[in-house]
Amino acid sequence: MITGGGAVTGRGTPGRRTVLASAAGVPLVAGAGGLAALAGLATGCSGGTPAAADTLKDTPPAVPGAALRARAAADSTALLAHYDGLLAARPDLTARLAPLRAEVARHAQAFGATVPKPAPAGTPGATGTTAATAPPTLGALAAAERRLADARATALLDAPPELARLLASVAAAGAAHVVLLTGKG
């Protein structure tokens, strides 16, 4: 049994804080200095004040790459809008574009986006164009795919490993889409 005012558990053995305090050379006396030193150690063991512990519990852990993942999801969703606009304006391209659109939808889902179902071909109002934008074309869609593939290839350099692999894969798919859309390698 430890003497000099150390705390003893109900089993007759010293408690964890008592052992830590004695190992640290803190005097275990009932005086104010000994209790203050022991209180300092006890605070370290319990996580600090209750307010500090509550603050830590309420703070969600940071997810590495969360902002980059959210941006990639938004970019894929915007690319889907390009596909939908072109499909609405040119229903004759459905057989050619539907598989590529489906891939882009899977990419958006992989990044965490909720993907809308494709609008039926020729649906009014689904063109994704306004008076300020030009009608969608295959060239414009290919350019959007190329820009996004390039941006993802650059972004993967700052991404955590898992997200970097996903970005690389999706960037490669985007580059393949450009080839399929333009017929140029």
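Fair warning: this is a prediction, and the values are worked out from it, not measured in the lab. Starting from 1, each residue takes its place in the sequence as its number.
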If hydrophobic residues (ILVMFWY) are linked whenever their side-chain heavy atoms come closer than 4.5 Å, directly or via other members, who joins L167 in its cluster?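 Hydrophobic cluster check, L167: joined to L68, F111, L156, L157, L163, L166, V170.
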Non-neighbouring partners of A173 that pass side-chain contact (heavy atoms from CB on, under 4.5 Å), sequence neighbours left out: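 Expected list: H107.
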Do you know which two heavy atoms are closest between [X] and [Y], and how far apart they sit?
X: P99; Y: T94; value: CD-O, 4.3 Å
X: P136; Y: G85; value: CG-O, 3.4 Å
X: V115; Y: A105; value: CG2-O, 3.5 Å
X: L97; Y: L141; value: CD2-CD2, 4.1 Å
X: A149; Y: G174; value: CB-C, 4.2 Å

Reference residue H177; test side chain to side chain contact (heavy atoms under 4.5 Å, CB included); the match among L148, L100, L79, T182: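 For H177, the side chain to side chain contact (heavy atoms under 4.5 Å, CB included) test succeeds with only one of L148, L100, L79, T182, which is L100.
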Give me each pair satisfying side-chain hydrogen bond (donor to acceptor under 3.5 Å, both in side chains) with a member in residues 147-176, each pair once, sequence neighbours excluded.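 side-chain hydrogen bond (donor to acceptor under 3.5 Å, both in side chains) check on residues 147-176 returns S76-R152.
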Sort and list the pairs that fulfil salt bridge (charged side-chain N to carboxylate O under 4.0 Å, His left out) and have at least one residue in residues 62-77, not counting sequence neighbours.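 Non-adjacent pairs meeting salt bridge (charged side-chain N to carboxylate O under 4.0 Å, His left out): R71-D75.
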Any salt bridge (charged side-chain N to carboxylate O under 4.0 Å, His left out) pairs touching residues 88-97, not counting sequence neighbours?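 Of all non-adjacent pairs touching residues 88-97, those that pass salt bridge (charged side-chain N to carboxylate O under 4.0 Å, His left out) are R90-D92.
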Non-neighbouring partners of E103 that pass side chain to side chain donor-acceptor pair (under 3.5 Å), sequence neighbours left out: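 Scan of E103 (side chain to side chain donor-acceptor pair (under 3.5 Å), adjacent residues dropped) gives R106.
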